[in-house]
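Below is one structure; the comments refer to it alone.
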Amino acid sequence: MVVEETIEINAGIGAVWDAFIDLTCWDEWNTVLTDVATENESIREGEKFSCSLRFFSVPLFFEPEIEEVVPRQKVVWKGEKYGISSRHEFIFTKGNGKVRVTSRETFSGPVFSSVLLPWMEIRRLTRALLRDLKKASESPSFSHQELQT
């Protein structure tokens, strides 16, 4: 199963990218992935961070491993929980002073079933994450706003 959502952000790639990869500022804007803990300040290839999300109001803790980082273009992480594997890609495309962010999450595993994974809740959380990133990146008061290039 694949859940894909896209949002257009009225900000420069620098503001969007910096907000996304700087894990120290996620508490300022990210209402979906919370309780972030990491040894590093930013998303780096080959490393892990831990976080939680509220899945139907129940906290779900997980530890994604960063699989790929292409600066200002792409971040991919993977994780596994309860026998379900996921690979989450974030694609950043700039143009005309805006940034298009696409989130594509692919799920697989032996317990993979529509009963065990409520797709509408996953889609809702994905949309909320992208809206949060948009709001932060477009906000003149957000600390990364000056990095518009």
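Heavy atoms only: backbone and side chains are in, while hydrogens, waters and symmetry mates are out.
Across all their heavy atoms, D132 and V32 have their closest contact at OD2-N, 3.8 Å. Between N10 and K134, the shortest heavy-atom contact is ND2-NZ, 3.8 Å. The minimum heavy-atom distance linking I13 with K94 is given by the pair CG2-CD, 3.8 Å. Looking at every heavy atom in both residues, L33 comes nearest to N30 through N-OD1, 2.9 Å. Heavy atoms only, all atoms of each residue included: S137 and A19 are closest at OG-CB, 4.3 Å. The two atoms that bring D35 and D27 nearest to each other are N-OD1, 4.5 Å, heavy atoms only.
In this structure, V76 is not a member of the same hydrophobic cluster as I43, with clusters built from ILVMFWY side-chain heavy atoms closer than 4.5 Å. Under the 4.5 Å side-chain heavy-atom criterion for Ile, Leu, Val, Met, Phe, Trp and Tyr, V70 and L23 are members of distinct hydrophobic clusters. Cluster annotation: L129 and I91 are assigned to distinct hydrophobic clusters (Ile/Leu/Val/Met/Phe/Trp/Tyr, side-chain heavy-atom contacts under 4.5 Å, transitive).
Heavy atoms of other residues, nucleotides or ligands lying less than 6.0 angstrom from CD of E63 number more than 12.
Considering CD1 of I66 and NZ of K78, their distance stands at 11.0 Å, rounded to 0.5 Å. Here the straight-line distance linking atom CZ of R72 with atom OG1 of T93 works out to 14.0 Å at 0.5 Å rounding. Expressed to the nearest 0.5 Å, how far CZ of R54 lies from OG1 of T31 amounts to 12.0 Å.
The backbone N or O of K135 lies less than 3.5 Å from no partner atom in the side chain of S139, so there is not a single donor-acceptor pair. Under a 3.5 Å cut-off, the side chain of E45 and the backbone N or O of V69 do form a donor-acceptor pair.
With sequence neighbours excluded, no residue forms a side-chain hydrogen bond (donor to acceptor under 3.5 Å, both in side chains) with R131.
Shown are E89, E4, H88; of these, the side chain to side chain donor-acceptor pair (under 3.5 Å) with S103 is made only by H88. The salt bridge (charged side-chain N to carboxylate O under 4.0 Å, His left out) test with R87 singles out one residue from E80, E65, E105, E67, and that residue is E67. Looking at F62, F61, W26 one by one, the single match for ring-ring contact (aromatic ring centres under 6.0 Å, His included) with F49 turns out to be W26. Screening R100, R104, R123 for a salt bridge (charged side-chain N to carboxylate O under 4.0 Å, His left out) involving E5 leaves a single residue, R123.
Inter-residue side-chain proximity for E68 and K74 is flagged as met; some heavy-atom pair is nearer than 4.5 Å. Between F90 and L133, the closest side-chain pair of non-hydrogen atoms is not below 4.5 Å. Counting heavy atoms from C-beta outward, I9 and V101 have side chains that approach closer than 4.5 Å.
Using bins of under 30°, 30° to 60° and over 60° for the plane-to-plane angle, the ring pair F92/W17 lands in the perpendicular bin.
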